[in-house]
Amino acid sequence: MSCLGRTTGSKAWDTVRRRKNFAPVIGLPASPVYRHVSRSTHALRLSCFARGAFTRSTTGSDWHSIGRSSSLSLPSHVAFRFYTRQTKQKFFNVDDCTTIQELLHTTREKLDQLPLTAVAAAWSRLPRLLSNHPAILHHHLDTKHTHDSHANQGELEVFSLVEYTMNSLHSSTPKDLTTIILGMAKIVKHIRDEKRHRNRSFNVDYQRAFTQFILDDESNPKEDIFHTLAHTASDLLPRFNSRELSNLAYAYALLGCDPKLDNHDTLFQQIAVESLHRIHRFNAQDLSNLMWAYATIKVSHPILFRSVGDAVVGLPDLDAFKPQEISMLVWAFATANQSHPALFEKIGDAVAALDHLSAFNPQELSNLVWAYATLNESHSGLFDKVAIAIDSLSDLKSFAPQTFSNIVWAYATAGQRNPNLFKKIGDAIGNLDELRSFTPQAFSNTLWAYGKANESHNALFEKIGNSIVAFNNLNAFTPQELSNTLWALANAKVKSTDLFEKIGEAILSRHDISTFTPQNLSNIIWAYSKANEAHAGLFKRVGDTIIARDDLSTFTPQNVVNTVWAFAAANELRPDVFKKIGDTIVETNDLKSFTARALASLAWSYAVSNVDVPLVFNHQFIGALLEKQHDFDENNLRQLYQWHLWQTGEESKPGLPRGLQERCRRTFIDYHVTTSALQEDAVGELLSIGLNPMEEVLTQSGYRLDALVEVAGKKVGIEVDGPSHYIGGTGTVNGSTILKHRQVSTIDKISIVSVPYWEWNKFCNDRSKKHDYLRSILGFSE
């Protein structure tokens, strides 16, 4: 194991010796206690520290290091020194240090003189300096030797500070301790952020040094250090004031850990107990930080949340709360899924009563409405106020992609219609040069919100659609994000064939889609059918996945209906899928939970599939229809009539009760579409070849035919089928067209001949070719 990550064995000792006035205990003055420590022992100490191999002694007051791969331990006479000088001395001001080098160097030189309060102040200052531009850029140094020397110095200085801090915990006050922990936590966060965003820090050597001594190989806080700090804090918790409790929780939330203590409690459990005793002493900042910490660390403590909510509700007003504190507070309750209607009403009233929200930044506005929507807390005044604030801005350049996404998601989820807000945000996104900073979640949630709110914005949909198509691959999109994206495009009736094709191929490229939820699967194929986009491979994959599942009990009624409707509408008729879903409906016996729309879609889908499931469409199904008969819209009634025709005319089974049947038939017959120019042209050419077509003929079953002619003594129905009768750009007719052709042929005994639009259009104005074509398909000669 390398010493300090750079040297080993005696070389490490030589590195230390070369530094002027450098004592065996790094950063500490020479002392008789340490003068007899051997070089190898000292090197071992550094190596052990670098590996983070610390164990707390049974007394809890001192530290020693043990190599993880060795049984050797340091003798007690080289354990870390304590410094408890009580003499008053003049110390340096950490705020005077403008670079991290200056702060660490000055701290190490004065370490034997500094009280822990000054050391704590240094830890507080370090996170800010770590991200600052240093006086000397390490990567601009002329030689590797100079760079290595500088790096070694940084490691030694960081080691000195960490060592001295850990040795002095026994004398720490609650304020010093929380300041130290919070400083360390912010350093950990900074290093993680740098690694996540792959940034090169100006202070790369110091960042590496901190990584070596307070983080493990996976950039997690070193357990020995931060658990010891937690144990020390636990012993002092009864002496903590509200600010210190809040800061302690905040720090460990930044670290992302909740250490277990000796009494089997966790640190956050103990903080909650102490906080409940003095909750009314917390100020606005302390309350918001405390709640933020519990929500961030995902520690559930309903009593604490309720007590904080009650404390805020009990205040005469919220004047002491800054915008950030208000937004953090409601964000925390929403993130932790802790409802407190009185709290949200009080905050909503307070925000709505403000003259303006200019003090709120975009993130705070976003957090507000997101929290209310997440917890389903209704407050129109708050939503209106936030919308007005955003609409009044000259531009939205300060809004981040996630902020845009969360705001429109919140308004759509809460059912708060605000066309001006959606237009302003849509314009802002549409006018951006590129959307590289948008995450898949931001893309999908933004589109979903516009689709859910029925807000049309072609520029927005086109911009986001093109950006997704430009992705090298879509593996970064979760199944939910893919589902939401497709659903939004289909619901908004935005044509984006390239995007549908790319997403379809991305799903097919995944080795396993068993992780897709029933809602994901059903919404995805529903979107393809709704948008009239063809993708046979995708439907096959989804169908195979459904068949492979042991049971479909996790499919909700809406999932069931969306699935069968999608297969039927796309003319992807998988009898095995329809049969399995039918069996599931019978097993769950849950027809009463289906909405009127769902019942009608279910009936229509099975009529298209022509898959007989008598145990589904029985007296219970009829009972469910009658129970909801007043909820059916005209489209539902037309669907039910087609199901009735399937049952009675094709299957010779009982259909709808007479009253409902007559209502459905009237609605079906009364539905009339506008005659297209394509249809008029084809009918005109039928006359030209000597036939006498009748237009818009109502058949006995109730269907209307574009034209009816008689050829060789037989009635032939002519259907001039435009693009709406086909799946995407393919020549495959959709489910509605299949059902009509089949039922007219079976029930009315009229043969159907289709004139596809692309066949007819290719003749342009060549009437001779049109005549030849009509004679060919009708088997009619001059």
Side-chain angles (χ1 to χ4, degrees), residues 178 181-182 184-186 188-193 195-196 215-216 218-223 225-227 229-231 233-234 237 245-261 263-276 279 282 285-309 311-312 324-340 343-344 363-364 366-368 370-377 402 405-406 409-410 413 439-442 445 478-481 515 517:
T178 53
I181 296 173
L182 187 56
M184 286 187 176
K186 289 179 177 179
V188 170
K189 181 180 183 301
H190 170 82
I191 294 172
R192 285 171 166 173
D193 290 345
K195 294 187 78 172
R196 183 169 62 251
L215 280 81
D216 62 20
E218 297 178 357
S219 295
N220 294 318
K222 278 191 174 175
E223 183 175 337
I225 287 182
F226 288 97
H227 274 57
L229 290 168
H231 278 84
S234 173
L237 274 182
L245 288 169
S246 172
N247 282 351
L248 181 63
Y250 186 87
Y252 273 89
L254 288 179
L255 294 168
C257 61
D258 182 15
K260 289 186 178 180
L261 305 174
N263 59 1
H264 305 296
D265 280 346
T266 67
L267 178 63
F268 274 81
Q269 287 171 334
Q270 289 199 0
I271 292 174
V273 171
E274 294 298 332
S275 298
L276 287 170
I279 204 67
F282 281 68
Q285 181 183 352
D286 298 336
L287 288 173
S288 63
N289 282 352
L290 184 68
M291 292 295 90
W292 179 91
Y294 276 81
T296 300
I297 201 68
K298 295 181 174 60
V299 172
S300 177
H301 205 295
I303 296 176
L304 179 61
F305 274 88
R306 186 168 63 251
S307 297
V308 169
V312 175
Q324 182 185 24
E325 293 156 1
I326 289 177
S327 71
M328 280 179 62
L329 191 61
V330 294
W331 177 90
F333 273 79
T335 301
N337 194 29
Q338 295 293 327
S339 179
H340 197 299
L343 171 67
F344 276 75
Q363 184 65 53
E364 291 156 1
S366 170
N367 284 351
L368 271 177
W370 178 88
Y372 276 77
T374 299
L375 287 180
N376 196 26
E377 293 287 353
Q402 195 63 47
S405 172
N406 284 353
W409 178 90
T413 301
T439 64
Q441 183 185 38
N445 281 0
T478 66
Q480 186 66 46
E481 289 160 357
T515 56
T517 66

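Heavy atoms only: backbone and side chains are in, while hydrogens, waters and symmetry mates are out.
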List the steps and the verdict of side-chain contact (heavy atoms from CB on, under 4.5 Å) for Ile326 and Leu368.
CA-CA 8 Å; Ile326 289 177; Leu368 271 177; 3.9 Å; yes

Is there a side-chain contact (heavy atoms from CB on, under 4.5 Å) between Asn376 and Phe344 once you walk through the steps?
CA-CA 10 Å; Asn376 196 26; Phe344 276 75; over 6 Å; no

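Atom CG of Leu229 and atom OG1 of Thr178 lie 11.0 Å apart (nearest 0.5 Å). One distance of note links OG of Ser246 with CG of Leu287; it measures 8.0 Å at 0.5 Å rounding. Separating the NZ atom in Lys260 from the OG atom in Ser234 is a distance of 15.0 Å, to the nearest 0.5 Å. To the nearest 0.5 Å, atoms CG (Asp258) and CD1 (Ile271) are separated by 7.5 Å. Lys189 contributes atom NZ, which lies 11.5 Å from atom CG of Leu255 (distance to the nearest 0.5 angstrom). Atom CD of Glu223 and atom SG of Cys257 lie 9.0 Å apart (nearest 0.5 Å).
In this structure the side chain of Glu481 reaches within 4.5 angstrom of the side chain of Gln441, judged on heavy atoms. Taking the side chain as every heavy atom from C-beta outward, Leu343 and Val308 never approach each other to under 4.5 Å. Leu254 has its side chain out of reach of Val188: every pair of non-hydrogen atoms, C-beta onward, lies at least 4.5 Å apart. Between Val330 and Glu377 there is no side-chain heavy-atom pair separated by less than 4.5 Å. Contact annotation: the side chain of Tyr294 never approaches that of Thr335 to less than 4.5 Å [non-hydrogen atoms, C-beta and beyond]. Side-chain atoms of Asn220 and Arg192, non-hydrogen and from C-beta on, do get closer than 4.5 Å to each other. Taking 4.5 Å as the limit, every side-chain heavy atom of Leu237 sits out of range of all side-chain heavy atoms of Val273. Phe282 has its side chain out of reach of Asn289: every pair of non-hydrogen atoms, C-beta onward, lies at least 4.5 Å apart.
Judged by distance alone, the side chain of His190 and the main-chain N or O of Lys186 form no donor-acceptor pair under 3.5 Å. Panel note: side chain Tyr250, backbone Leu182; no donor-acceptor pair is recorded below 3.5 Å.
Nearest heavy-atom pair across Ala251 and Ile181 is CB-CG2, 3.8 Å. Looking at every heavy atom in both residues, His340 comes nearest to Phe305 through CD2-O, 4.5 Å. In plain terms, the two heavy atoms of Leu375 and Gln338 that are nearest each other are CD1-O, 3.6 Å. The shortest heavy-atom contact between Gln402 and Thr439 is OE1-OG1, 3.8 Å. Here the closest heavy-atom approach between residue Ala410 and residue Ala373 is recorded as O-CB, 3.5 Å.
For Asn445, the side-chain hydrogen bond (donor to acceptor under 3.5 Å, both in side chains) test picks out no residue, with sequence neighbours left out. Every residue two or more places apart in sequence or in another chain that forms a side-chain hydrogen bond (donor to acceptor under 3.5 Å, both in side chains) with Gln363 is listed here: Asn367. Residues passing the side-chain hydrogen bond (donor to acceptor under 3.5 Å, both in side chains) test with Gln480, sequence neighbours excluded: Asn484, Asn520. By the side-chain hydrogen bond (donor to acceptor under 3.5 Å, both in side chains) test, Asn247 pairs with no residue at all, sequence neighbours left out. Partners of Glu325 according to the salt bridge (charged side-chain N to carboxylate O under 4.0 Å, His left out) rule, which considers only residues two or more places apart in sequence or in another chain, do not exist here.
Aromatic ring centroids of Tyr252 and Phe268 lie 6.0 Å or more apart.
When the shell of 6.0 Å around CD of Gln324 is examined, it contains 12 or fewer heavy atoms from other residues, nucleotides or ligands. Counting non-hydrogen atoms of neighbouring residues, nucleotides and ligands closer than 6.0 angstrom, the CG atom of Asn337 reaches no more than 12 such neighbours.
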What side-chain donor-acceptor pairs closer than 3.5 Å can you find for residues 295-304, not counting sequence neighbours?
| from | atom 1 | to | atom 2 | distance (Å) |
| --- | --- | --- | --- | --- |
| Thr296 | OG1 | Trp292 | O | 2.7 |
| His301 | ND1 | Leu304 | N | 3.2 |

